[in-house]
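In the text below, chain A, chain B and the rest are named by the order of the sequence lines, each starting its count at 1. Not measured: the values here are computed from a predicted model.
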2 protein chains.
Amino acid sequence: MLGIERSQKTSGMRIVLVAVLLIVATCIGGNVSAQDLKSWKDGAVKQSIIDFVAAVTDRDSPSFVPVQDRIAVFDNDGTLWCEQPYYFQLAFAFDRVKAMADEHPQWQQDPVMKAALSGDVKTIAEGGEEAVVKVVMESHAGMTTEQFDAIVSDWIASAKHPVTGRRYQDMVYQPMVELLDYLRKHDFQTWIVSGGGMEFMRPWATQRYGVPTNQIIGSTIELRYQLQDGVPQLLRLPKLAFIDDKEGKPVAIHRHIGRRPIAAFGNSDGDLQMLQWTAAGSGKRLAVYIHHTDAEREYAYDRKGHIGRLDKGLDEAAQRDWTVVDMKQDWLTVFPTLQVK
Amino acid sequence: MLGIERSQKTSGMRIVLVAVLLIVATCIGGNVSAQDLKSWKDGAVKQSIIDFVAAVTDRDSPSFVPVQDRIAVFDNDGTLWCEQPYYFQLAFAFDRVKAMADEHPQWQQDPVMKAALSGDVKTIAEGGEEAVVKVVMESHAGMTTEQFDAIVSDWIASAKHPVTGRRYQDMVYQPMVELLDYLRKHDFQTWIVSGGGMEFMRPWATQRYGVPTNQIIGSTIELRYQLQDGVPQLLRLPKLAFIDDKEGKPVAIHRHIGRRPIAAFGNSDGDLQMLQWTAAGSGKRLAVYIHHTDAEREYAYDRKGHIGRLDKGLDEAAQRDWTVVDMKQDWLTVFPTLQVK
């Protein structure tokens, strides 16, 4: 994708010139420029990524992979952005519940919804998946897809993290944003395969990560097509359609991408099957776990994490010699200095 | 996508030269070359397509649409290839049932499966959706996704249509293949949104229509991720997961594409919601019905078709002034002269 648009009225020569400049710029960039992966500390981990990309993109390498098969998949929560002290989508759900409270007086009689209204995460967490799903369903359904898109866009533009005070969208991981860019520069397709809601991510993740809408896959709820005064709309129903986590990730990859990725990045046991599925393909593969080891700049958790638990995955990574990113050691920066407008 | 691959060892100049040649070739091609849409007879229908493409791709037009929003969706059965005397996927199912008969002696006691074994379409048709789903589930599940891919690839390479004697893949509509090319030449993404099985289409449709795997959407069955002797696989289960027909089509479009198409092509009432959804967006839109009017070169059917019924759609097309392709009048050729190897 050279970002060129053709039009019958544009002079052919101008297009040619732009194309030449873009291509020359890319060639000069070479395989790793000073701008590539600059938030990654030089060392074995960074090198393993660079070596992998070099091997699959070098035409003379026995591991060469043609462009259409250069597919990399990324988990989102805890892999591309922070997920502590609790999933940001849950913060969104709490804010929604508060905004909708007046229209739902019955919530005052419901222990789970009352907890959500007061931001009582502990009670919700104790209620397990059932409680979380309830809060999400109550706050994420009952509107059209277009209305929901607008609600998420409004929220993400201003909502802030309770500890850092940064906007959530400024708590993406700078090294991972650079990695996405680096892979795309080498003609990879970068896909997001998240346990989070597909429609919660799409309104902002396209811009924040540079990933097209259709390459952002996540959990979904049921939609109903209907005509409202003759105008077609998709209504969001309070019922889970697909959970894009654990065993669900390879299934979603198969349906949405239809090819097996050659690189996969995750941070928890929920990503284990995605990494297994990716690593088991023939030819050179890259399976990477982001290990949260930095209590100072971010959070430190793994085998006993209340969310984003990385236990079986850590064992399997050691056993299969997968790359494990030590956030404290391998990242020079965690969050971006430059925040989005 | 200029089909250019970059490699650190390839000379930058050679790439530049190839790019320039490709771009110049495209510029010379202009908006409609003699090679474009050559199986379409000159007239109002062909012109409506050309006018639409010109309007949305001309930077100076008030209807200009940026590249990322140039999304066109196509039904498959009856729109891109023939669907008579019965869906080709049903022919595949019959052939599968015959091939699997020895392993399933119990089918001899089952009226539906016995009918399938003897190719008795009438009995299956009388059994309605339940009978069809049964035959499809028995023949399409119980193997891994990779095994199914190989089975479909083998079948499509040789299986032939009972009336024309052509291979099924040579019964695609030549004018539609040209239309797909023409749209892509103008930087459209072409997506297939079919009621047929996603995994029945993908092994051959990518090559036959020039559409990438991930842009082929269809009905799906449930998949189970499992480790077989440590090797991950996706097992096909005999249970429908999603029916990509009627109201399902806008839902699938929303999930897989995430943007509303600006052009939609169908041939039956099963495509009506997809055309409504497409046409209802803001800006210039193209909604097209392929009307089967050619009993001599193909088949003639509409309001009373036993499959591919076009009844409500025909009324709505007239009412909303959608484009209706009269296959007999508007197409110079129906099937390709050049058959695939």
Side-chain angles (χ1 to χ4, degrees), chain A residues 1-2 4-10 12 15-16 19-20 23-24 26-28 30-31 54 57-60 64 66-68 145 186-187 198-199 202 206 212-216 220 222-227 231-232 234 241-242 246-251 254-259 273 276-277 280, chain B residues 1-10 12 15-16 19-20 23-24 26-28 30-31 54 57-60 64 66-68 145 186-187 198-199 202 206 212-216 220 222-227 231-232 234 241 246-251 254-259 273 276-277 280:
Chain A
M1 302 283 280
L2 298 178
I4 300 165
E5 285 176 17
R6 291 189 293 269
S7 148
Q8 69 203 100
K9 297 200 177 165
T10 313
I15 296 178
V16 169
V20 168
I23 293 165
V24 170
T26 310
C27 295
I28 291 169
N31 232 23
T57 57
D58 176 357
R59 283 201 165 278
D60 299 327
F64 177 75
V67 167
Q68 72 266 23
T145 50
H186 290 86
D187 296 326
M198 181 187 278
E199 296 189 279
R202 287 182 170 179
T206 43
T213 315
N214 68 298
Q215 293 180 9
I216 300 173
T220 51
E222 295 290 350
L223 301 174
R224 185 168 67 220
Y225 177 85
Q226 61 183 27
L227 294 176
V231 179
L234 292 170
F242 184 80
K246 300 188 176 75
E247 289 82 4
K249 293 202 176 199
V251 172
H254 185 72
R255 287 188 185 143
H256 283 261
I257 309 179
R259 290 171 187 272
Q273 290 79 0
Q276 287 172 341
W277 180 244
Chain B
M1 301 284 280
L2 298 178
I4 300 164
E5 283 176 17
R6 291 189 293 271
S7 149
Q8 69 203 103
K9 296 200 178 166
T10 313
I15 296 178
V16 168
V20 167
I23 293 164
V24 170
T26 310
C27 296
I28 291 169
N31 232 23
T57 57
D58 176 357
R59 283 201 165 279
D60 299 327
F64 177 76
V67 168
Q68 72 266 22
T145 50
H186 289 87
D187 295 327
M198 181 187 278
E199 296 190 278
R202 287 180 169 181
T206 43
T213 316
N214 68 298
Q215 291 178 202
I216 301 174
T220 51
E222 295 290 351
L223 300 174
R224 184 169 68 220
Y225 177 86
Q226 61 183 25
L227 294 176
V231 179
L234 291 170
K246 300 189 176 75
E247 289 82 4
K249 292 203 176 197
V251 171
H254 185 72
R255 288 188 185 143
H256 283 261
I257 309 179
R259 290 171 187 271
Q273 290 81 357
Q276 287 172 340
W277 180 243

Taking side chain as everything from C-beta outward and backbone as N, CA, C, O, which of these in B:Gln215 sits under 4.5 Å from a heavy atom of chain A? Side chain, backbone, both or neither.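 Interface part for B:Gln215: neither.
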
Listed partners of B:Glu247 passing side chain to side chain contact (heavy atoms under 4.5 Å, CB included), at least two apart: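 B:Glu247 satisfies side chain to side chain contact (heavy atoms under 4.5 Å, CB included) with A:Tyr225, B:Gln273 once adjacent residues are dropped.
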
Contacts of A:Thr206 that satisfy side chain to side chain contact (heavy atoms under 4.5 Å, CB included) - sequence neighbours left out: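 So A:Thr206 forms a side chain to side chain contact (heavy atoms under 4.5 Å, CB included) with A:Thr213, A:Ile216.
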
So what's closer than 4.5 Å to chain B heavy atoms on A:Val231: side chain, backbone, both or neither?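 It is neither, since no heavy atom gets under 4.5 Å.
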
Does any heavy atom of chain B fall under 4.5 Å from the side chain of A:Gln226, the backbone, both, or neither of them?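 Neither part.
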
Of all heavy-atom pairs between A:Arg202 and B:Gly258, which one has the smallest distance, and what is that distance? NH1-CA, 3.4 Å

Would you name the heavy atoms of B:Arg255 and A:Leu223 that are closest together and state the gap between them?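 So the two residues come closest at NH2-N, 3.9 Å.
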
Under 4.5 Å, counting heavy-atom pairs only, tell me which of A:Gln276, A:His256, A:Lys246, A:Arg259 racks up the most with chain B.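 Most pairs with chain B among the choices: A:His256.
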
